[in-house]
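All values below were derived from every heavy atom in this structure, side-chain atoms included, with hydrogens, water molecules and symmetry-related copies excluded. Lettering follows sequence order; numbering is per chain, from 1.
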Amino acid sequence: MSDNILVAVAWPYANSRIHVGNITGSYLPADIFTRYHRLLGDQVIMVSGSDAHGTPVTVRADAEGSTPVQVYEKFHNGFIELFQKLGLAYDLFTSTHTKNHFEVSQAIFLALQKNGYLYTEKQKQWYAPAQRRFLPDRYVEGTCYFCGYTEARGDQCDNCGNLLDATQLIDPRSKTDGSTPELRETEHFYVDLGALEPSIVDFLRQRESYWRSNVLRQSLGQIMSKGLHGRAITRDLDWGIPVPVEGWDGKCLYVWFEAVIGYVSAAIEWAKLGGQPEAWEKWWTNPDAKGYYFIGKDNIPFHAVIWPAQLIGVGEWFGKIYSNEDGVKLTLPYDVPANEFMNLEGQKISGSRNWAVWGLDFLSRYDPDPLRYYLTVNMPESKDTDWDWDDFVRRNNDVLVATWGNLVNRVLSFAYKHWDGCVPEPGELRPDDKVILESVAAGFESVGEHIDAVRLRPALNEAVRLASEVNKYLDTSAPWFEIKSDKEHAAKTIFTALQAIDWLKVQLSPFLPFTSERLNLYLGYKQPLFGEQYVETVEDSLGKHTVLRYNSADASGKWEPGCLPAGGSMEKPAPLFRKLEPIVAQEERAKLG
RNA sequence: GGCGGGGUAGCUCAGGUGGAAGAGCAGGGGACUCAUAAGCCCUUGGUCGUGGGUUCAAGUCCCACCCCCGCCA
């Protein structure tokens, strides 16, 4: 029995690079979860993409003298490079700037409208004649009408902390060119979240027993105390998805509204690229499919409340509009295992202050698995955590190198040297051998249970603990002593240790895919554990976009205690991990700020 | 102001449904040598933020308060 599992991963905004906090917050846990379910044999797809639209991209383009497309493509390509190097094996990592996403988003908009959940409202907003565009509140500056501070932003005054009504700013000016804006009337669509509130409360209550309490209680608490209210879903902007209504030229869907729709559109694009255009329905119109949304806590309201509201609001109309199907509804999220934040050396991560460890920069000096290890074992699953360079070096050396890497190296080297590069024939195993093998085999249950419940830190610690058990077993059996007097006993010990390592390799592989693949080769296997990531260019009427994909054709890994072939030939082993000098922590800290 | 998260050994943190305080690292001692001087064994160390309450029994439930951090207005 295999499940259909949709792994929906946060969409990085195409306006800044990705740092370790972003990675541990959503991208990495999603990949670990996905790899585990692939090994189990479940039908799982992991999708996401770059969030390409919105004002910050246009503002940056203006500042750099380039175009929004150029800005978004630059960051998008950087994301793909990082994800490939870090082994984040998306079935599809695409973008919101695709024809497909435009169509799906517009269909969602129209379905909400058909169901009566949209309404329009007129409001005044600052307009910059010189730039011929409306200014978002954040891009208007002026004098605060509370405290007289002259550098207040339209949305909030940094001096007195009050939230402001941008239209009341004194002496307003455009943040980008200093020109004086004027108030103009504009009309926008709103989604009637108030009308959807009872359905959302039901939705949350049905998931009360298994959702993380931070996600559930924050969402429910906010609704109970404040209620839900209409929210604007369109803006005066030309970089984005046009509002699919006659006479609404020059207005776009708000990014918060359309980016989440990417979870549907990316699955559709994935199905099309795979040559089975209907395949997405197994995850999206199948009520038994389970959607897991991996996001950071900043995104909780959008995924736990607003996105479900959108899905409930479209009802059966999406099917009718998009694919001419009747009686079909989109499947609501099963779980939203949002993480808290990771800080850096005791301070909040900040790109503008260069207080960050950037993903690509890190990988230019270190390997991906140590990063994956440290970020998992320090994952902010229940509260904020801290990236500490000393701690990174220590854990790399004490756990990856000393406990696990050394276990592999000492056993494989010993076997390779004394049995001519082959797995020794053990004959009948002794009681002690069976005991340690049973313990390690039980890891498929215990580690798996943790991953299934998205408790990744305890899952990884459990696997490492089992590696430590094997070290103890080795010390007790002492094959280096046995081999002097009785090579048959040493063969039993080394075979047992190799078999245990073979299983631990699988249990650790969702966390440490690169070194697990290498170990897999050393043990003599020809087929890789996982499939391959590859990059492809897709063309549509909007232009070309690059996507990251995953080909599982050669994957052979299975989440079960398989049989290591006795007598099989091995590859000459080499250490899996590099030991780091403590000085690198100081060097890395010196680069911050 | 409202909603939420956190305060457990020197450090980083575990402690689903209440039942004799845990791990790793750091510190101290020991045996071994296959291994990236790694691994293994033993060991020092805590009034679980504060004050009440429920209970035969509370880090774990309830109330109040004090700090730190987010989100929302």
Side-chain angles (χ1 to χ4, degrees), chain A residues 25 155-156 161-165 209-229 231 296-302 304-305 338-343 345-348 374 377-419 449-450 453-455 457-462 464-465 467-484 490 493-494 497-498 501 573-582:
Chain A
D155 53 346
Q156 184 168 22
N162 279 303
L163 296 182
L164 305 180
D165 173 359
S209 63
Y210 61 92
W211 274 28
R212 289 185 183 175
S213 63
N214 57 343
V215 180
L216 183 93
R217 293 166 72 172
Q218 187 183 323
S219 306
L220 220 40
Q222 204 74 241
I223 293 174
M224 290 334 225
S225 66
K226 304 269 161 135
L228 291 174
H229 307 285
R231 192 176 173 113
K297 66 174 168 183
D298 51 329
N299 258 323
I300 289 175
F302 287 110
V305 176
N339 278 335
E340 303 288 306
F341 284 160
M342 174 173 273
N343 296 313
E345 299 279 346
Q347 292 178 47
K348 204 175 160 177
Y374 185 63
V377 91
N378 235 337
M379 201 166 264
E381 291 184 317
S382 60
K383 62 178 174 184
D384 289 358
T385 60
D386 195 48
W387 172 291
D388 180 291
W389 275 106
D390 285 313
D391 196 38
F392 168 73
V393 171
R394 187 184 63 64
R395 285 183 188 272
N396 177 76
N397 292 348
D398 290 348
V399 181
L400 288 184
V401 175
T403 304
W404 171 234
N406 184 56
L407 168 65
V408 171
N409 196 40
R410 67 196 295 208
V411 173
L412 267 65
S413 305
F414 198 88
Y416 197 83
K417 184 159 72 180
H418 294 286
W419 283 272
E449 243 176 67
H450 280 308
V454 206
R455 295 188 299 255
R457 289 172 68 136
L460 178 50
N461 285 330
E462 169 69 0
V464 170
R465 187 187 68 78
S468 189
E469 290 296 320
V470 180
N471 271 322
K472 289 181 183 129
Y473 160 82
L474 271 184
D475 215 73
T476 311
S477 305
W480 50 89
F481 178 76
E482 291 175 317
I483 200 159
K484 290 175 186 163
T493 303
I494 291 300
L498 284 171
I501 287 170
L576 293 178
F577 303 97
R578 288 187 297 153
K579 191 165 179 174
L580 297 173
E581 294 299 323

### Task
Could you give me the stems involving RNA chain B, meaning stretches of three or more consecutive Watson-Crick or G-U wobble pairs whose two defining distances are both below 3.5 Å?
B:1-7 with B:66-72, B:10-13 with B:22-25, B:27-30 with B:40-43, B:49-53 with B:61-65
### Message
Name the residue from A:Ile300, A:Asn299, A:Asp298, A:Val305 that meets the side chain to side chain contact (heavy atoms under 4.5 Å, CB included) definition with A:Phe302.
### Response
A:Asn299
### Message
Tell me if a side-chain donor or acceptor on A:Thr476 pairs with a main-chain N or O of A:Lys472 at a distance below 3.5 Å.
### Response
yes
### Query
Over how many whole Å does the gap from A:Arg410 atom CZ to B:A37 atom C1' extend?
13 Å
### B:U8 versus B:U12 - spacing of their P atoms, nearest Å
9 Å
#### Entry: Side chain A:Asp384, main chain A:Glu340, donor-acceptor under 3.5 Å
no
### Query
Please give, in whole Å, the distance from B:G39 P to A:Arg465 CZ?
17 Å
### Message
As an exercise, state the distance from CD of A:Glu482 to OG1 of A:Thr493, rounded to the nearest 0.5 Å.
### Response
3.5 Å
Give me, pair by pair, the N or O atoms of the protein and of nucleotides 67-72 of chain B that are less than 3.5 Å apart, along with how far apart they are.
none

### Task
Output the distance between atom CG (A:Asp398) and atom OG1 (A:Thr403), rounded to the nearest 0.5 Å.
7.0 Å
### Task
Determine the Euclidean distance between corresponding C1' atoms of B:G39 and B:U50; express it in Å to zero decimal places.
44 Å
### Spacing of A:Phe414 atom CZ relative to B:U33 atom C1', expressed in whole Å
11 Å
### Task
State, without any angle test, whether A:Arg212 and A:Asn339 hold a side-chain donor-acceptor pair at a distance under 3.5 Å.
yes
Output one line per pair: protein atom, nucleotide atom from nucleotides 61-66 of chain B, and distance, for all N/O pairs under 3.5 Å.
none

### Message
So if I take every side-chain heavy atom of A:Lys579 and compare against B:U12, B:A38, B:G5, which nucleotide ends up nearest?
### Response
B:A38
Residues 410-418 of chain A side chain polar contacts: donor-acceptor under 3.5 Å, at least two apart:
unit_1: A:Arg410; atom_1: NH1; unit_2: A:Asn471; atom_2: OD1; d: 2.8
unit_1: A:Ser413; atom_1: OG; unit_2: A:Asn409; atom_2: O; d: 2.6
unit_1: A:Ser413; atom_1: OG; unit_2: A:Asn409; atom_2: OD1; d: 3.4

## Note on the structure
Shortest non-hydrogen pair, A:Lys348 vs A:Asn343, comes out as CA-OD1, 3.6 Å
### Query
To the nearest 0.5 Å, how far apart are CG in A:Leu580 and CH2 in A:Trp389?
9.0 Å
### Message
For a quick test of reading the model, state the closest non-hydrogen atom pair linking A:Pro582 to A:Val393 and the distance between them.
### Response
CA-CG1, 4.1 Å
### Task
Answer with base, sugar-phosphate or nothing: what part of the nucleic acid does A:Pro479 contact at a heavy-atom distance below 4.0 Å?
nothing
#### Entry: Gap between atoms CZ and C1', on A:Arg578 and B:A38 respectively (whole Å)
18 Å
### Task
For B:A58 and B:A20, measure between their P atoms and round to the nearest Å.
12 Å
### Task
Indicate, with a heavy-atom threshold strictly under 4.0 Å, whether A:Leu228 touches base, sugar-phosphate, or nothing.
nothing
### Query
P atom, B:G1 versus B:C65: distance in rounded Å?
12 Å
### Query
Using a cut-off of 4.0 Å on non-hydrogen atoms, how would the nucleic acid contact of A:Arg455 be classed: base, sugar-phosphate, or nothing?
nothing
### Query
Starting at the 5' end of RNA chain B, which residue's closest nucleotide do you reach first, A:Arg217 or A:Leu407?
A:Arg217
### Query
For the atom pair OG (A:Ser468) and CH2 (A:Trp404), what is the distance rounded to the nearest 0.5 Å?
12.0 Å
### Length of the line joining A:Leu474:CG and B:G39:P, which is rounded to integer Å
13 Å
### Side-chain N,O (A:Lys417) to OP1/OP2 (B:C34) below 4.0 Å
no
### Task
Considering only atom C1', compute the distance from B:C11 to B:A35 and round it to an integer number of Å.
29 Å
### Message
Can you give me the closest heavy-atom contact between A:Phe341 and A:Pro380, atom names plus distance?
### Response
O-CB, 3.5 Å
### Task
For B:G6 versus B:A14, give the span between their P atoms, rounded off to a whole number of Å.
10 Å
### Query
Which whole number of Å gives the distance between the P atom of B:U33 and that of B:G16?
43 Å
## Note on the structure
In whole angstroms, the gap separating P of B:U17 from OH of A:Tyr210 amounts to 19 Å
Pairwise N/O distances under 3.5 Å, protein to nucleotides 40-42 of chain B:
unit_1: B:C40; atom_1: OP1; unit_2: A:Ser468; atom_2: OG; d: 3.0
unit_1: B:C40; atom_1: O2'; unit_2: A:Asp475; atom_2: OD2; d: 3.4

### Interatomic distance, A:Glu462 atom CD to A:His450 atom NE2 [nearest 0.5 angstrom]
6.0 Å
### Summary
Judged by nearest nucleotide, the residue sitting upstream toward the 5' end of RNA chain B, A:Ser219 or A:Thr385, is A:Ser219
## Note on the structure
When rounded to whole Å, the CH2 to C1' distance for the pair A:Trp419 and B:C34 reads 10 Å
### Task
Would you please test A:Phe577 and A:Asn406 for side-chain contact (heavy atoms from CB on, under 4.5 Å) and show each step?
CA-CA 9 Å; A:Phe577 303 97; A:Asn406 184 56; over 6 Å; no
### Task
Starting at atom CD of A:Glu381, determine the distance to atom P of B:C13, rounded to an integer number of angstrom.
13 Å
Could you list, one pair per line, each protein nitrogen or oxygen that sits under 3.5 Å from a nitrogen or oxygen of nucleotides 23-30 of chain B, together with the distance?
unit_1: B:C25; atom_1: O4'; unit_2: A:Arg394; atom_2: NH1; d: 3.4

### Query
Which of these passes side-chain hydrogen bond (donor to acceptor under 3.5 Å, both in side chains) with A:Tyr374: A:Asp391, A:Asp388, A:Asn396?
A:Asp391
### Nearest-Å distance once atom P is located in both B:G29 and B:U47
26 Å
### Summary
Against the side chain of A:Trp480, the closest entry in B:U33, B:U36, B:A35 is B:U33
### Task
Tell me, with the steps shown, if A:Arg394 and A:Asp390 meet salt bridge (charged side-chain N to carboxylate O under 4.0 Å, His left out).
CA-CA 6 Å; A:Arg394 187 184 63 64; A:Asp390 285 313; over 6 Å; no
### Task
Could you tell me whether a side-chain N or O of A:Thr385 sits under 3.5 Å from a main-chain N or O of A:Asn378, the two making a donor and an acceptor?
yes
### Message
Distance check, rounded to the nearest 0.5 Å: A:Arg457 atom CZ versus A:Asn461 atom CG?
### Response
7.5 Å
### Message
Any donor-acceptor pair, under 3.5 Å, between the side chain of A:Asn406 and the base of B:A35, if you only look at N and O atoms?
### Response
yes
